[in-house]
J.: 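What follows is a single structure, and I will ask about it in a moment.
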Amino acid sequence: MAEKPIWEQIGAGFVQHYYQQFDSNRVLLADLYTEASCLTWEGLGFQGKNAIMEKLTNLPFQKIQHSITAQDHQPTPDSCVISMVVGQLKVDDDPVMGFHQLFLLKNIDNKWICSNDMFRLALHNFG
Amino acid sequence: MGDKPIWEQIGSSFVQHYYQLFDTDRTQLGAIYIDASCLTWEGQQFQGKAAIVEKLSSLPFQKIAHSITAQDHQPTPDSCILSMVVGQLKADDDPIMGFHQMFLLKNINDAWVCTNDMFRLALHNFG
């Protein structure tokens, strides 16, 4: 059976790592961002590792669990990897909610970091 | 009140144009893609303008209407624009369905083209 394309391996590896970290100890997500990273979280923009980490660590819940329904990965013309994730999440004792997230990954000094991150809850969709 | 950032103007203008074209005559979408463009449509990959337009033109419905719930835009480190769209669509007499789509836009010879496009129906999410 043929191997997955390299961008799919990189994207899927990143996605698995990201949600594992997010769900266990999201302070550790700092490693994935740089000063040039942008996050849009439910329509609000955050620029740079510090602002992003402040937003993520201050999200108002104790426990969170993500479950990925589908993920797609593509290579970009500038040798980046773009990953789109559809899934569900459960926060504390709240009902399960759908979400989607997008990551643009860039290789800097042999390490894949996240330069662009967009997150939205799927509050407006029928399913 | 300040102007929107340029990437938001370009992104939202592209998004508006894309869905307008899609809903009226999607065979015209060829102009926004190039030979290096990739589309992932519900998990299937299509490479290059011709394959993409063939896929979109042969989607099995007569009428379609997209409605955008939310859109986010960011500049990327390589001077591209990343756009994420959440919305709903109605094809023929089918029930309304949620969808999300992402576009990576690149400026080539003064025109913004779509190099990466990913579409998924929101069939798995609670709302």
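Sequence lines set the chain letters: A, B, ... in the order given, protein chains first and strands last, and positions in each chain run from 1.
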J.: Within the supplied structure, the quantity of interest is the number of heavy atoms (other residues, nucleotides, ligands) at a distance under 6.0 Å from A/Q65 CD; does it exceed 12?
T.: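 At most 12 heavy atoms, drawn from other residues, nucleotides or ligands, come within 6.0 Å of this atom.
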
J.: To the nearest 0.5 Å, how far apart are NE2 in B/H100 and CZ in A/R120?
T.: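 Taking NE2 in B/H100 and CZ in A/R120, the distance rounds to 13.0 Å.
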
J.: So which heavy atom on B/Q45 is nearest to which on A/W7, and how close?
T.: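 Result for this residue pair: NE2-NE1, 4.2 Å.
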
J.: Identify whether B/F119 and B/I81 are in the same connected component of the hydrophobic contact network (ILVMFWY, side-chain heavy atoms under 4.5 Å).
T.: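 Cluster IDs for B/F119 and B/I81 match.
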
J.: Please flag which part of B/Q71 lies under 4.5 Å from any non-hydrogen atom of chain A: side chain, backbone, both or neither.
T.: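 The backbone, not the side chain.
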
J.: Measuring from A/Q74:CD to B/M118:CE, what's the distance to the nearest 0.5 Å?
T.: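 Interatomic distance, A/Q74 CD to B/M118 CE, rounded to 0.5 Å: 4.0 Å.
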
J.: Assess whether atom CG of A/D93 is packed by more than 12 heavy atoms of other residues, nucleotides or ligands within 6.0 Å.
T.: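 At most 12 heavy atoms, drawn from other residues, nucleotides or ligands, come within 6.0 Å of this atom.
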
J.: Spell out the residues in residues 102-117 of chain B that have some non-hydrogen atom less than 4.5 Å away from a non-hydrogen atom of chain A, in order of number; otherwise answer 'none'.
T.: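 Residues B/M102, B/L104, B/K106, B/T115, B/N116, B/D117 are the ones that qualify, each having a heavy atom under 4.5 Å from chain A.
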
J.: Transitively linked via ILVMFWY side-chain contacts under 4.5 Å: B/L121 with B/I68?
T.: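 Same cluster: B/L121 reaches B/I68 through Ile, Leu, Val, Met, Phe, Trp or Tyr contacts under 4.5 Å.
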
J.: CG of A/D94: more than 12 outside heavy atoms within 6.0 angstrom?
T.: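 More than 12 within 6.0 Å, yes.
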
J.: What parts of residues 22-40 of chain A touch chain B if we use heavy atoms and a cut-off under 4.5 Å?
T.: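 Residues A/C38, A/L39, A/T40 are the ones that qualify, each having a heavy atom under 4.5 Å from chain B.
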
J.: Identify whether B/L21 and B/W41 are in the same connected component of the hydrophobic contact network (ILVMFWY, side-chain heavy atoms under 4.5 Å).
T.: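 Yes, B/L21 and B/W41 fall within the same hydrophobic cluster.
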
J.: Taking heavy atoms only and a threshold strictly under 4.5 Å, list by residue number the residues of residues 102-115 of chain A that touch chain B; give 'none' if the list is empty.
T.: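 At a heavy-atom separation under 4.5 Å, chain B is reached by A/L102, A/L104, A/K106, A/S115.
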
J.: Just wondering, more than 12 heavy atoms not from B/Q9 lying within 6.0 Å of its CD?
T.: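 Atom CD in B/Q9 is crowded, with more than 12 foreign heavy atoms closer than 6.0 Å.
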
J.: Would you say A/M118 ends up clustered with B/V15 if hydrophobic residues are merged whenever their side chains have heavy atoms under 4.5 Å apart, either directly or through other cluster members?
T.: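 Result: no, two separate clusters.
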
J.: With sequence neighbours excluded, tell me which residues meet side-chain contact (heavy atoms from CB on, under 4.5 Å) with A/Q62.
T.: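 Checked A/Q62 against side-chain contact (heavy atoms from CB on, under 4.5 Å); matches are A/D92.
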
J.: So how far is it from A/N116 CG to B/H73 NE2, rounded to the nearest 0.5 Å?
T.: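 Those atoms lie 13.5 Å apart.
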
J.: Nearest 0.5 Å please: distance from the CG atom of A/D117 over to the CG atom of B/L82.
T.: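 One finds 10.0 Å between CG of A/D117 and CG of B/L82.
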
J.: Check the hydrophobic clustering (I, L, V, M, F, W, Y; side-chain heavy atoms under 4.5 Å; chains of links allowed) and say if A/I52 and A/L44 are grouped together.
T.: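 Shared cluster, yes.
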
J.: Is it the case that atom CD in A/E54 sees more than 12 heavy atoms from other parts of the structure closer than 6.0 Å?
T.: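 No.
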
J.: For atom CD of A/Q16, decide whether the heavy atoms of other residues, nucleotides or ligands shown that lie under 6.0 angstrom number more than 12.
T.: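 Atom CD in A/Q16 is not crowded, with 12 or fewer foreign heavy atoms closer than 6.0 Å.
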
